[in-house]
Engineer: 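Have a look at the structure that comes next, please.
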Amino acid sequence: EAQVTQNPRYLITVTGKKLTVTCSQNMNHEYMSWYRQDPGLGLRQIYYSMNVEVTDKGDVPEGYKVSRKEKRNFPLILESPSPNQTSLYFCASSNGLAGLSTGELFFGEGSRLTVL
Amino acid sequence: AQKITQTQPGMFVQEKEAVTLDCTYDTSDQSYGLFWYKQPSSGEMIFLIYQGSYDEQNATEGRYSLNFQKARKSANLVISASQLGDSAMYFCAAAEADGGSQGNLIFGKGTKLSVKP
């Protein structure tokens with residue numbers, strides 16, 4: 001089954017404790033992206049990757065890091081989480097620009113992160 | 001930079017009636033894509049419909065149609081014959097196909113649609 005898998009789905013952590021949210025897709029997609037969703041703000045792009053070893057900042061990259069060492073994985077790293085990073089995070093993938101330009105963006109189920 | 005505006009934070013519609021969700025976009029690119037996604041209360045994001053900037057005809061997918069007015073930079077979603085299962089959050093989004101911002105998909109803040117029985 002084609003899917004984007006995020007882990008953990010739910011996490012409560014404390015300020016400053018490094019954490020990683022994993023994202024894996026099994027569709028051999030070139031494009032992957034991370035978004036955060038906050039009430040009243042919609043989804044905002046954090047980082048995206050057009051292919052292996054290629055990553056770019058989205059609109060809200062501060063406080064986050066990503067890596068794309070393999071095509072299927074695109075982890076989101078919070079080196080020193082703060083309460084303002086409490087949010088619902090979505091990972092998404094697409095078959096490169098062709099897929100993205102036609103809106104075929106496959107989303108993970110979301111990871112709800114709370115930073116105390 | 002792109003910007004997506006959804007002016008309706010919330011809307012109500014009677015079951016079986018049609019409803020239009022507004023979306024305007026701001027982009028200087030000539031080539032771009034416009035999308036609508038649905039997010040039910042369960043949280044997952046569901047792709048509904050896509051419109052390319054060079055497509056002359058409005059996109060349709062079942063009960064969904066996208067009313068594309070390029071000169072007005074408008075990409076409204078029309079849902080015909082609303083069903084109770086249509087109650088959800090709806091997001092308009094855009095992606096530029098040219099230039100350095102390829103891959104930067106921008107979402108609006110969303111419209112919460114409630115369908116009344």
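Here is how names work: the chains are called A, B, and so on, in the same order as the sequence lines, proteins then strands, and each is numbered from 1. Quick note: numbers below take in every heavy atom, side chains included, and nothing from hydrogens, waters or symmetry partners.
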Engineer: Report which part of B:Gln6 has an atom under 4.5 Å of a heavy atom belonging to chain A: side chain, backbone, both, or neither.
Structural biologist: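 Looking at B:Gln6, nothing touches chain A.
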
Engineer: How about NZ on B:Lys16, more than 12 heavy atoms from neighbouring residues, nucleotides or ligands closer than 6.0 Å, or not?
Structural biologist: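 Atom NZ in B:Lys16 is not crowded, with 12 or fewer foreign heavy atoms closer than 6.0 Å.
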
Engineer: Atom CD1 in B:Ile46, atom CZ in A:Phe106: separation rounded to 0.5 Å?
Structural biologist: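 Reported to 0.5 Å precision, the distance equals 13.0 Å.
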
Engineer: Is the number of heavy atoms from other residues, nucleotides or ligands under 6.0 Å of A:Glu109 CD greater than 12?
Structural biologist: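 Not more than 12 within 6.0 Å, no.
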
Engineer: Side-chain heavy atoms nearer than 4.5 Å, only ILVMFWY residues, links allowed to pass through others: does that put B:Ile4 and A:Val60 together?
Structural biologist: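 No, B:Ile4 does not connect to A:Val60 through the hydrophobic network.
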
Engineer: Does A:Leu41, at its CG atom, have more than 12 non-hydrogen atoms belonging to other residues, nucleotides or ligands within less than 6.0 Å?
Structural biologist: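 Yes.
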
Engineer: Are A:Leu88 and A:Leu105 linked, directly or through intermediate hydrophobic residues, by side-chain heavy-atom contacts shorter than 4.5 Å (ILVMFWY only)?
Structural biologist: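 The answer is yes; both residues are in one hydrophobic cluster.
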
Engineer: Is chain A contacted by the side chain of B:Leu48, its backbone, both, or neither, given a heavy-atom distance below 4.5 Å?
Structural biologist: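 Neither part.
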
Engineer: Can you tell if the side chain of A:Arg44 reaches within under 4.5 Å of the side chain of B:Phe107, non-hydrogen atoms only?
Structural biologist: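 They are not in side-chain contact.
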
Engineer: Give, for atom NZ of B:Lys109 and atom CG of A:Leu43, the distance between the pair rounded to the nearest 0.5 Å.
Structural biologist: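 Reported value, rounded in 0.5 Å steps: 13.0 Å.
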
Engineer: Could you give the distance from CD (B:Glu44) to CZ (A:Phe90), rounded to the nearest 0.5 Å?
Structural biologist: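 B:Glu44 CD to A:Phe90 CZ: 8.5 Å, rounded to 0.5 Å.
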
Engineer: Give the cluster check for B:Tyr25 versus B:Val78: same hydrophobic cluster or not, with ILVMFWY residues linked at side-chain heavy-atom distances below 4.5 Å.
Structural biologist: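 Hydrophobic grouping puts B:Tyr25 apart from B:Val78.
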
Engineer: How long is the gap from CZ on A:Phe107 to OH on B:Tyr37, to the nearest 0.5 Å?
Structural biologist: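 It is 5.0 Å, given to the nearest 0.5 Å.
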
Engineer: Hey, are the side chains of B:Phe91 and A:Gln37 touching, using non-hydrogen atoms and a 4.5 Å cut-off?
Structural biologist: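 Yes, side chains in contact.
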
